[in-house]
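One structure below.
Letters go in sequence order (proteins before strands), and every chain restarts at 1.
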Amino acid sequence: MQNMLMGRYIPGDSIIHRMDPRSKLLVMIAFVVIIFLAHDWLGYLLLVLYTLAGVLLSKISVSYFLRGLRPMIGLILFTVIFQMLFTNGQHVIFSLWFIKISTESLINAVYIFFRFVLIIFMSTILTLTTPPLTLADGIEKGLGPLKKIKVPVHELGLMLSISLRFIPTLMDDTTMIMNAQKARGMDFGEGNLLKKIKSVIPILIPLFVSSFRRADDLAVAMESRGYQGGDGRTKYRQLKWQSRDSLLVVSIIIMTILLILWSKVS
Amino acid sequence: MKLMDNKNIKKLTLLAIWTALTFVLGRLFTFPIPGSAGNILTLLDVGIYTAVFLFGKREAAIIGGFAAFLLDLTAGFSNYMFFSLIIHGGQGYLAGLTRYKWLNFLLSLLVMVGGYFIVGGLMYGWGSAIAGLWVNIVQVIVGFVLAKVLSPLIERTGILNGFRKA
């Protein structure tokens, strides 16, 4: 968390690292949609292979991806067990009181498990190979056409970048304010949930006020340097759409066609 | 070329920092809740509701959407990030939609809790959706109540003079 500008980014020089954030974003969103086209093991196999290719091409150790699963483990287990117990099927293989486990429910649980893991892996590829700031640039560029309907795309992109820049600063501020209140005898993390939540108020007010001061200083600094947004503003980091990006987009289109064809055939 | 007038720059930086602040609230102020399968209660919603009370619905939508997006992006829930952008953005917008405060609150509660329920249910089956239900309800209520307490106090500091619902 020391360096929010980096997020979970792992520097590298693989082909996926060098791809444009727009193409990666597009493919990730498309992947989440087409995963619903898979209804049997062959469909899932295709998706697993596609994800695996991404993981290998990113040249990042698999342990980072497994670590990405960690915050979700509780939810995954809960969901898989839920699917197993509460899906109705015909071939019951185990039954105890209201619990019935059938072949169908077992298969269903496995599919859900894979859907979970694949979506997480796919989004992890994106966040491991793309620094948040580049991602913000990509989103700003990608939303460019919305300028036509008067959406302040440039301002929104700038806001995203500024907040990324200031998140670590505000985190430091929070620690400082907490310590200051502790020195005055405040107790945090004592008592029940209600008491715990009440005890954050003396932190939140100074935090809000100090953040607004920072915003004010920043505004003055920008103004005095003659900041102006919108058209005609040049950028330090330039995004370039290259042939490998088109290739990536083509690959997801092929995947979509394959999955649709397969679900029609079977 | 026309320079951006200073009110706009001020507002832009304020919203950006408020987004960062909301992120920090969602990241550092977390409370584990029993029986929720890994879901945690955070104070993210405090940032959204204070933005509604002190600014308005559009600002709250931007702050809520961006803060939740960045939170999911960096905390390892990137599979949820675009849904969070829409759900928390919608929550912020609906929280200031009408003149009736309780209706607004209910609408925003509904879109946040229902949004995650539907997304979770469609993506990973209804089991995961149920797991998050209870935490999300408590989180929205806690966020709303804390924001209700904080907003007048923040306003009284005078730091927002000249900004309010500009």
Thr127(A) (side chain) donor-acceptor with Leu73(B) (main chain) under 3.5 angstrom: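 Answer holds: no.
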
Give, as side chain, backbone, both or neither, the part of [X] having an atom under 4.5 angstrom from any heavy atom of chain B.
{"X": "Leu69(A)", "answer": "neither"}
{"X": "Met28(A)", "answer": "side chain"}
{"X": "Ile29(A)", "answer": "side chain"}
{"X": "Ile73(A)", "answer": "neither"}

Nearest-0.5 Å distance that lies between atom OG1 in Thr19(B) and atom CG in Leu156(A): 9.5 Å

Interatomic spacing from CG in Leu204(A) to CG in Leu25(B) - rounded to 0.5 Å: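 Between atom CG of Leu204(A) and atom CG of Leu25(B) there are 5.5 Å.
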
Minimum heavy-atom distance [X]-[Y], with the two atoms named:
{"X": "Ala215(A)", "Y": "Thr13(B)", "answer": "O-OG1, 3.2 Å"}
{"X": "Ile17(B)", "Y": "Ser211(A)", "answer": "CG2-O, 3.5 Å"}
{"X": "Leu12(B)", "Y": "Met159(A)", "answer": "O-CG, 3.8 Å"}
{"X": "Leu122(B)", "Y": "Arg115(A)", "answer": "O-NH1, 3.4 Å"}

Considering residues, nucleotides and ligands other than [X], do more than 12 of their heavy atoms fall under 6.0 Å from its [atom1]?
{"X": "Arg213(A)", "atom1": "CZ", "answer": "no"}
{"X": "Tyr93(B)", "atom1": "OH", "answer": "no"}
{"X": "Phe114(A)", "atom1": "CZ", "answer": "no"}

Test side-chain contact (heavy atoms from CB on, under 4.5 Å) applied to Leu146(B) and Val200(A), step by step: CA-CA 9 Å; Leu146(B) 268 183; Val200(A) 298; 4.2 Å; yes

Going by heavy atoms in the side chains, are [X] and [Y] under 4.5 Å from each other?
{"X": "Asp173(A)", "Y": "Val24(B)", "value": "no"}
{"X": "Ile154(B)", "Y": "Val209(A)", "value": "no"}
{"X": "Phe208(A)", "Y": "Leu21(B)", "value": "yes"}
{"X": "Phe23(B)", "Y": "Leu170(A)", "value": "no"}
{"X": "Met81(B)", "Y": "Leu126(A)", "value": "yes"}

Pick from Ile205(A), Leu135(A), Ile162(A), Leu160(A) with the largest number of heavy-atom pairs that fall under 4.5 Å of chain B: Leu160(A)

Option in Phe113(A), Phe166(A), Tyr111(A), Phe82(A) with maximal non-hydrogen atom pairs under 4.5 Å from chain B: Phe82(A)

Proximal component of [X], with respect to chain A [non-hydrogen, under 4.5 Å]:
{"X": "Val145(B)", "value": "neither"}
{"X": "Thr50(B)", "value": "side chain"}
{"X": "Leu15(B)", "value": "both"}

side-chain contact (heavy atoms from CB on, under 4.5 Å) evaluation trace for Ile62(B) with Glu155(A): CA-CA 11 Å; Ile62(B) 296 170; Glu155(A) 278 75 17; over 6 Å; no

